Amino acid sequence: MTLQRFPRPDYSPLEPYDPGRSPVEVNLSDNTNLWGPHPGAAEVIRSCPPDTFARYPTAYATPLKEAAARKFGVAIENITTGCGSDDLLDSAFRASTLPPARMAFPNPTFSLVATLARMNGLEPQPVPWSEAEKDPRAILTSDPHLVYLCRPNNPTGQSVAREWLLDLLEAVGDEGPLVILDEAYADFGADHFLAEATETRRLLVTRTFSKLYGLAGLRVGLGIGSRSLIREVEKSRGPYKVTRVAEVAAAAALDDTSGWAEEIARETRENRERLLEELERRGLRPIPSQANFLLIPLGSGRGDGVPKALPRSGLAVRQIDAALRAKGVAARPFPKLPGIGDALRVSVGPWPLMEIFLDALDAVLQEERGPR
Ligand SMILES: *Cc1c(COP(=O)(O)O)cnc(C)c1O
């Protein structure tokens, strides 16, 4: 094999990530906390002594691990951390196998994971949800080295059944591929797999502070798994990833007993169901969600298996998105999602913001239907 010098040939199809966001008044595009940051964490940040910035943080985010161990009732050795859960996924991908290798995932899912896979020399192996749903073993057909699953799933908001995931873990056993379960939205759903993570050799559950805790700008994520698995991920992660400010602020958010996070989660669920009803009243068919967002199929872009919500819709989702933006509201357009077609994802937040979204959407759909 010839020596490959810079640049890496497998990087040539990759592009730096473009979130495609321009500033708007009401940003419902990225599922961050629309109520704002966790107040306890914000207070810690405000009162950081100058030494916080002059000195290094702990090498492996000890204060944060201690708070997570208290919160989730696991040992410190069951926890790893990262500069956002994206970084944690990256470390875990790197630790999981030697490239070239394959990473399988039900599709559609979190769009960044295919890129993160390629960054680590892993070939993405998307499996249509329609196949994966029938039998979790469909995900293992390509004999992957790594499996990624998001529950509740981004961008659909759906959660696979517990039994389905237990079947998958059984098929994987102690020798199969590492299964990464992304629980970025588990706080808004009905259940989680944290207990299974510490008891199963092949399962890593990831969490983020970017959604419920409102700390996306701080970049903090957590991973929970068996001690041996966590040790391997920590080797790949390396030291000093989480900043000093982040490790103490995120720890404060976990230690908080005021009930702030629980209240936000409750209000999010309530507003999500209310928004779902409002959209249904408009003849739309949002997918029932366990997360802090709704995905609204638009009946264009060749979706199969999805009711044609807007039979007369001539607008592609990018046009709807542009029209909403012109009114100061940003959602996230997903053109031609496999099995769904064009769809619009909207974050759930305080009800007044949902009303602004509904008004803008009404105006856009009205303009589109137009005077005949
Ligand atoms: C938002 C999101 C994340 C967040 O990652 P951070 O890097 O912690 O901000 C991870 N996974 C999914 C599926 C997400 O939607």
Side-chain angles (χ1 to χ4, degrees), residues 17 19 30-33 37-38 41 44-45 57-72 74 76-96 105 109-113 115-117 119-120 146 148-154 178-189 192-194 197-198 203-226 229-255 261 265 291-292:
Y17 183 64
D30 61 10
N31 307 334
T32 49
N33 192 325
H38 187 287
V44 165
I45 294 168
T58 60
Y60 289 90
T62 309
L64 175 54
K65 284 187 182 180
E66 287 169 349
R70 283 189 288 274
K71 170 100 180 167
F72 301 121
V74 300
I76 286 179
E77 293 80 11
N78 290 123
I79 303 166
T80 183
T81 60
C83 187
S85 62
D86 293 351
D87 176 53
L88 198 58
L89 295 174
D90 191 40
S91 303
F93 286 13
R94 202 161 47 237
S96 67
F105 55 91
T109 193
F110 188 32
S111 61
L112 196 61
V113 296
T115 305
L116 283 173
M119 279 163 55
N120 287 292
L146 180 64
Y148 172 87
L149 183 77
C150 188
R151 180 180 187 270
N153 187 39
N154 182 1
L178 177 65
V179 177
I180 297 184
L181 180 63
D182 188 334
E183 289 194 348
Y185 300 100
D187 294 303
F188 309 104
H192 57 70
F193 266 71
L194 291 182
T198 55
L203 177 64
L204 177 71
V205 171
T206 65
R207 292 287 180 99
T208 178
F209 287 80
S210 301
K211 307 288 155 65
L212 176 65
Y213 290 106
L215 300 173
L218 214 54
R219 313 300 303 123
V220 201
L222 277 181
I224 295 185
S226 72
L229 193 160
I230 291 297
R231 207 175 125 71
E232 294 308 306
V233 177
E234 294 257 282
K235 290 182 196 172
S236 157
R237 168 204 192 263
Y240 307 120
K241 274 292 182 73
V242 176
T243 69
R244 178 69 192 154
V245 181
E247 68 181 2
V248 291
L254 289 182
D255 278 338
N292 67 340

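Everything numeric in this text was worked out from a predicted model, so none of it was measured.
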| field | Listed partners of K241 passing salt bridge (charged side-chain N to carboxylate O under 4.0 Å, His left out), at least two apart | value | D87
| side-chain contact (heavy atoms from CB on, under 4.5 Å) involving T109 - partner list, sequence neighbours excluded | F105, V113, Y148, C150, N153
| message | Could you work out, with ring pair (Phe, Tyr, Trp, His ring centres under 6.0 Å) as the rule, every residue matching Y213, not counting sequence neighbours? | response | F209
| Sub-4.5 Å side-chain heavy-atom contact between V205 and H192 | no
| remark: Residue set satisfying salt bridge (charged side-chain N to carboxylate O under 4.0 Å, His left out) with R231, at least two apart, ordered chain then number -> none
| With sequence neighbours left out, what residues match R151 under salt bridge (charged side-chain N to carboxylate O under 4.0 Å, His left out)? | D191
| side-chain contact (heavy atoms from CB on, under 4.5 Å) partners for D90, two or more places apart | R94, L116, M119, N120
| field | ring pair (Phe, Tyr, Trp, His ring centres under 6.0 Å) partners for Y17, two or more places apart | value | none
| note | Sorted by chain and number, sequence neighbours left out, side-chain contact (heavy atoms from CB on, under 4.5 Å) with S85 holds for T208
| Excluding sequence neighbours, so at least two apart, what forms salt bridge (charged side-chain N to carboxylate O under 4.0 Å, His left out) with D30? | none
| task | Any pair with a residue in residues 216-225 that passes salt bridge (Lys or Arg N to Asp or Glu O under 4.0 Å), sequence neighbours left out, goes on the list, sorted by first then second residue, please. | result | D86-R219
| task | Go through the structure and list residues passing side-chain contact (heavy atoms from CB on, under 4.5 Å) with T62, not counting sequence neighbours. | result | T58, E66
| query | Taking only residues two or more places apart in sequence, or in another chain, which ones meet K71 in a side chain to side chain donor-acceptor pair (under 3.5 Å)? | reply | none
